[in-house]
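Remarks on the structure that follows.
All of these numbers come straight from a predicted model, not from anything done at the bench.
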Amino acid sequence: MEHEHDCGCGHHHHHGHAGCGCRPAQGLREEEAEMLRRFASREMLPVASFVMASSAAEHCRAVALSPVLLEQLSDTLQDVRQRCQTISALMHRDLLSYREDVSVCGHIERAYRESEVFKYFEDTVSEGGVMPGFLFDTALLEMGAVSLTELGERALEA
């Protein structure tokens, strides 16, 4: 898997794991360790929640997918689900934390709205909304951020 790290020469190098000597932090699967490394060089990364709501019953809402971390506007649902599962597992272990009270730049939110996976989500909710008895008819995007915790930093150092 392609990643970046400091080898001690003062420069960052991008490379795959083959022969680089990087190993997953103890007790972490490779994809979990790679995800933690992505957060290590940033204060936080913007994520989204895909939420279904009802125009008929204001109190009816359900989170369909969260936390969504996009890499590209063309990300597939399978890619996004895998990242959601990885981030959720790391949050469950207190290695990452989620915040809803973070202001996200408009261009980032717009990118999430224009992504293939959110368009697919909107279409799916719209299709369900016309079915008799289906309560949810509105697709919402709620932005937040995920960051590395102290425990997550220690896990990377291990």
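Proximity of L90 to M35: side-chain heavy atoms (C-beta onward) are separated by under 4.5 Å at one or more points. Between V117 and F50 the shortest side-chain heavy-atom distance falls below 4.5 Å. The side-chain heavy atoms of M44 and V146, taken from C-beta on, include no pair separated by under 4.5 Å. Annotation: side chain of E32 is not in contact with side chain of L36 (no heavy-atom distance under 4.5 Å). Counting heavy atoms from C-beta on, the side chains of F121 and L65 never come closer than 4.5 Å. Within the 4.5 Å cutoff, the side chain of L95 has no heavy atoms near those of the L156 side chain. Side chains of L140 and M52 form no contact here, defined as non-hydrogen atoms less than 4.5 Å apart. Put simply, the side chain of D137 does not reach to within 4.5 Å of the side chain of V130, judged on heavy atoms.
Cluster annotation: V80 and V104 are assigned to the same hydrophobic cluster (Ile/Leu/Val/Met/Phe/Trp/Tyr, side-chain heavy-atom contacts under 4.5 Å, transitive). L135 and M131 fall into different hydrophobic clusters, where Ile, Leu, Val, Met, Phe, Trp and Tyr residues are linked whenever their side-chain heavy atoms come under 4.5 Å apart, directly or through other members. Under a hydrophobic-cluster definition in which Ile, Leu, Val, Met, Phe, Trp and Tyr are linked whenever side-chain heavy atoms come within less than 4.5 Å, directly or via other members, V63 and L77 are assigned to different clusters.
Put simply, the side chain of S88 never gets that close to the backbone of Q85: no donor and acceptor are under 3.5 Å apart. T138 contributes no side-chain N or O that, together with a main-chain N or O of S54, makes up a donor-acceptor pair within less than 3.5 Å. E109 places no side-chain N or O within 3.5 Å of a backbone atom of G106 that could act as its donor or acceptor partner.
Look at R37 and E153 and you find no salt bridge, because none of the NZ, NE, NH1 or NH2 atoms lies under 4.0 Å from a carboxylate O.
Counting only N and O atoms by type, the side chains of S126 and D123 include no donor and acceptor under 3.5 Å apart. Under 3.5 Å, the side chains of S97 and S147 contain a donor-acceptor pair of N or O atoms. Judged purely by distance below 3.5 Å, without hydrogens or angles, the side chains of T149 and D94 never pair a donor atom with an acceptor atom.
One finds the CG atom of L45 at 4.5 Å from the CZ atom of F39 (value rounded to the nearest 0.5 Å). For the atom pair L151 CG and R154 CZ, the distance stands at 5.0 Å (nearest 0.5 Å).
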All N/O donor-acceptor pairs, side-chain side in residues 66-75, below 3.5 Å, sequence neighbours left out:
unit_1	atom_1	unit_2	atom_2	d
S66	OG	S49	OG	2.7
E71	OE1	R83	NH1	3.4
E71	OE2	R38	NH1	2.7
E71	OE2	R38	NH2	3.0
D75	OD1	Q72	N	3.3
D75	OD2	E71	N	2.7
D75	OD2	Q72	N	3.3
D75	OD2	R83	NH2	2.3

TODO: Could you check R113 against E122 for salt bridge (Lys or Arg N to Asp or Glu O under 4.0 Å), going step by step and ending with a plain yes or no?
DONE: CA-CA 9 Å; R113 285 194 187 285; E122 282 183 306; 5.4 Å; no
Task: Trace of the side chain to side chain contact (heavy atoms under 4.5 Å, CB included) decision for R93 with L28 - done: CA-CA 10 Å; R93 294 166 68 181; L28 296 175; 3.4 Å; yes
- [ ] Step by step, work out the side chain to side chain contact (heavy atoms under 4.5 Å, CB included) result for Q78 and Q82.
- [x] CA-CA 6 Å; Q78 181 179 348; Q82 179 61 47; 5.8 Å; no
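Note: F118 and Y112 fail the aromatic proximity criterion, with ring centroids not under 6.0 Å apart.
When all heavy atoms of F136 and A62 are compared, the pair lying nearest together is CZ-CB, 3.8 Å.
Dense packing is recorded around OH of Y98, with more than 12 heavy atoms of other residues, nucleotides or ligands lying under 6.0 Å away.
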